[in-house]
Number of protein chains: 2
Amino acid sequence: MRLDERKIRILQAIIDDFISTAEPVGSRTIAKKYNLGVSSATIRNEMSDLEEMGYLEQPHTSAGRIPSDKAYRFYVDRLMKVKSLKKEETENIKQMYRNKISQIEQVICNTAKILSDITNYTSIVLAPQMNSIVIKHIQLVPIDSRLALLVIVTNAGILKDTVVKIPEDIDADYLNRISNILNKLYKNKSFGQVNLDDLAGVRKEFARNSSLVDTLIDALSDHYSKSDKDIYYGGTTNIFNFPEYQDVVRARSFLNLLEEKELLYKLLSKAEGDGVTVSIGTENPYEELRECSIVSATYKIGDRVLGSIGIIGPTRMEYSKAVSAMDYMAKTLSYYLTSLYGK
Amino acid sequence: MRLDERKIRILQAIIDDFISTAEPVGSRTIAKKYNLGVSSATIRNEMSDLEEMGYLEQPHTSAGRIPSDKAYRFYVDRLMKVKSLKKEETENIKQMYRNKISQIEQVICNTAKILSDITNYTSIVLAPQMNSIVIKHIQLVPIDSRLALLVIVTNAGILKDTVVKIPEDIDADYLNRISNILNKLYKNKSFGQVNLDDLAGVRKEFARNSSLVDTLIDALSDHYSKSDKDIYYGGTTNIFNFPEYQDVVRARSFLNLLEEKELLYKLLSKAEGDGVTVSIGTENPYEELRECSIVSATYKIGDRVLGSIGIIGPTRMEYSKAVSAMDYMAKTLSYYLTSLYGK
DNA sequence: TGTTAGCACTCGTCGTCATTGAGTGCTAAA
DNA sequence: TTTAGCACTCAATGACGACGAGTGCTAACA
């Protein structure tokens, strides 16, 4: 059976209707609301065909039909016209970045907030992924006689700093010497390239204070090895807006899903390449997500992918809005970060 | 009417029962489950009295009775025996602190996690409050020709650092001079004591680079004025465990409540003084909380209160468990922080 | 005088059953 | 090929009665 022009128009009508109402849609509804110039009986026949072809599903005999994941996929790939954001929405976003924000965490956090505000879905933002981050500067700053601060500055703003205990008898000069060595070793390397063996030499040189060097090694390796899966959320309770989550059990399992950072991390970080990725229902590799869709994109500094942003909602999602928001947001964020920290 | 011995014992039985079952409790239940040596009819009479006195309420005529906020208050103040934590629970907590953790945020975050694990309620932890934090060290660390890092080290670990743009023609020495001045001005002052006017002199001295000084002033004032209400949560979805929150509307409003950071901040930060504060239902100053109870305590470094920890749950809360967990946690956290950053 | 057994009464919950109405599939006519 | 018409399905809704947990009151009892 072929998916001819009329079938497509009917399918589109059904998807549009279901996305906005969340109710299974019947032939009469389509005939009345969308002027397709045919009667409900004809639509009924076509719907029967569409079901046979796998684009529609029927919750039960006497109900209308709902789009299948296959239908959404078709919709996203072929039917949907990505409408650009409203003026005020792009204004909002730009405004957010105009306020000088010095902490990258703050930027990330606001990004999540604004994404969920615009789309009304739950947004997820992965903070910059360690491996791709380049060390620009390492410095040991003395605090008092017992403590020093190991500051690691990266091309994505300051990333992490760690308080390290130091032996009492060490002075600022000594710390500076260590800083210099660390800088020589690691400057302009990414965390992925950090090789702790390089420190063996340092250890030898500072044999007298091997425990200090050990502490430093610990601190460094903490940063690049630690599954530092910082995830920021926006609009976590938006899910309650959707009738399909009026059930406490489902709402709860959705919210628990958000706590599965490992899983979200894998999901979002696999979204590679340029542009926006849409993953619909059962296309997701995880059981828990078979009734959710995820729209994601990556953000970068220059050409280097730093992290991902995404939104998650029911498969019945306003894809056109979601995709355009995601696209605009990823680009704006990348542009902003690049202008701040890029080479 | 007097609250005699027998009334008290009956009241206690009712509260205990209701806390564990969430069902209105009737006279027969009490007579059967708790051996008070009197018949259900007698208990019925007493319950009638207790209702008249304001300790009990009846959802409807043919239901059992539930404790009022007044009853819980009486329970917390007079009846409850605080049982100490189980060995394994205290072990868990100690274990958490034994793992060397360098970032105070991490400590706070884990504290929230473990509190919710132990109590099964939602935990809320206020990160250290700015006003009480003492500056130990300020340093401008050069990163590259355009950027420097303003590091403010406090007695609560490193608190904040900000990337500031600097004019191209400034060298490390120059930054050091500024750092020294800032240190002289603010070392050992709390953020609450920071007076930006002091910087006027600095501005004059560095008139050539007044824009840099402005940036620094901005950055500093950001830190102490910004309502930096960092709140960490644990067990946000625990609320779904309770039958009274099986209703989506209520669950949602609870979760939305958690996003009201201003409100939570006020609630928790008012809990001053030593020991554990319990705030029951309508005792809370906010409408939204009239069916919740909050158990909170403060944590400190030395004698200086830094922030608060709390748990929030239904008024039907296991107060004895909650109070003991809170007490132990606050003390342990304070002890740990003091040993790290104290004096 | 306090305690208790007994009983009528209240009222929310639960299961049953009939009604309703949205929607389908099929058939026959246009 | 399209459409009107019709029988059929089935979830949702609401009415109704049975049930039972719980109360308050009364009268008898220790």
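Naming convention: chains lettered A, B, ... in sequence-line order (proteins, then strands); numbering from 1 in each chain.
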Exercise for review: Could you tell me the separation between the NZ atom of B/K32 and the CD1 atom of B/I43, rounded to the nearest 0.5 Å?
Suggested key: 11.5 Å
Using a 4.5 Å cut-off on heavy atoms from C-beta on, say whether the side chain of [Y] contacts that of [X].
X	Y	answer
A/L56	A/I66	no
B/K261	B/K266	no
B/L115	B/K113	no
B/I14	B/T29	no

What are the atom names and distances for every N/O pair under 3.5 Å that joins the protein to nucleotides 22-28 of chain C?
from	atom 1	to	atom 2	distance (Å)
C/dG23	O3'	A/A63	O	3.4
C/dT24	OP2	A/S27	N	3.2
C/dT24	OP2	A/S27	OG	2.8
C/dG25	OP1	A/R65	NH2	2.7
C/dG25	N7	A/R44	NE	3.2
C/dG25	O6	A/R44	NH2	3.1

Whole angstrom value for the distance that separates [atom2] of [N] from [atom1] of [X]:
X	N	atom1	atom2	result
A/E23	C/dG21	CD	C1'	14 Å
B/H60	D/dG22	NE2	P	10 Å
A/K7	D/dT2	NZ	C1'	14 Å
A/K32	D/dT3	NZ	P	17 Å

Check your understanding: Is there a donor in the side chain of B/T237 and an acceptor in the side chain of A/N256, or the other way round, less than 3.5 Å apart?
Key -> yes
Exercise for review: Report yes or no: do B/Y34 and B/D17 form a side-chain donor-acceptor pair below 3.5 Å?
Suggested key: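 Short answer, yes.
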Review point. For residues 9-20 of chain B, which residues have at least one heavy atom under 4.0 Å from DNA chain D?
Key: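 Heavy-atom contacts with DNA chain D come from no residue of residues 9-20 of chain B; none.
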Review point. Are B/R252 and A/F240 in a cation-pi setup, meaning NZ or CZ lies under 6.0 angstrom from the ring centre and within 45 degrees of the ring axis?
Key: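 The answer is no; the distance or angle limit is not met.
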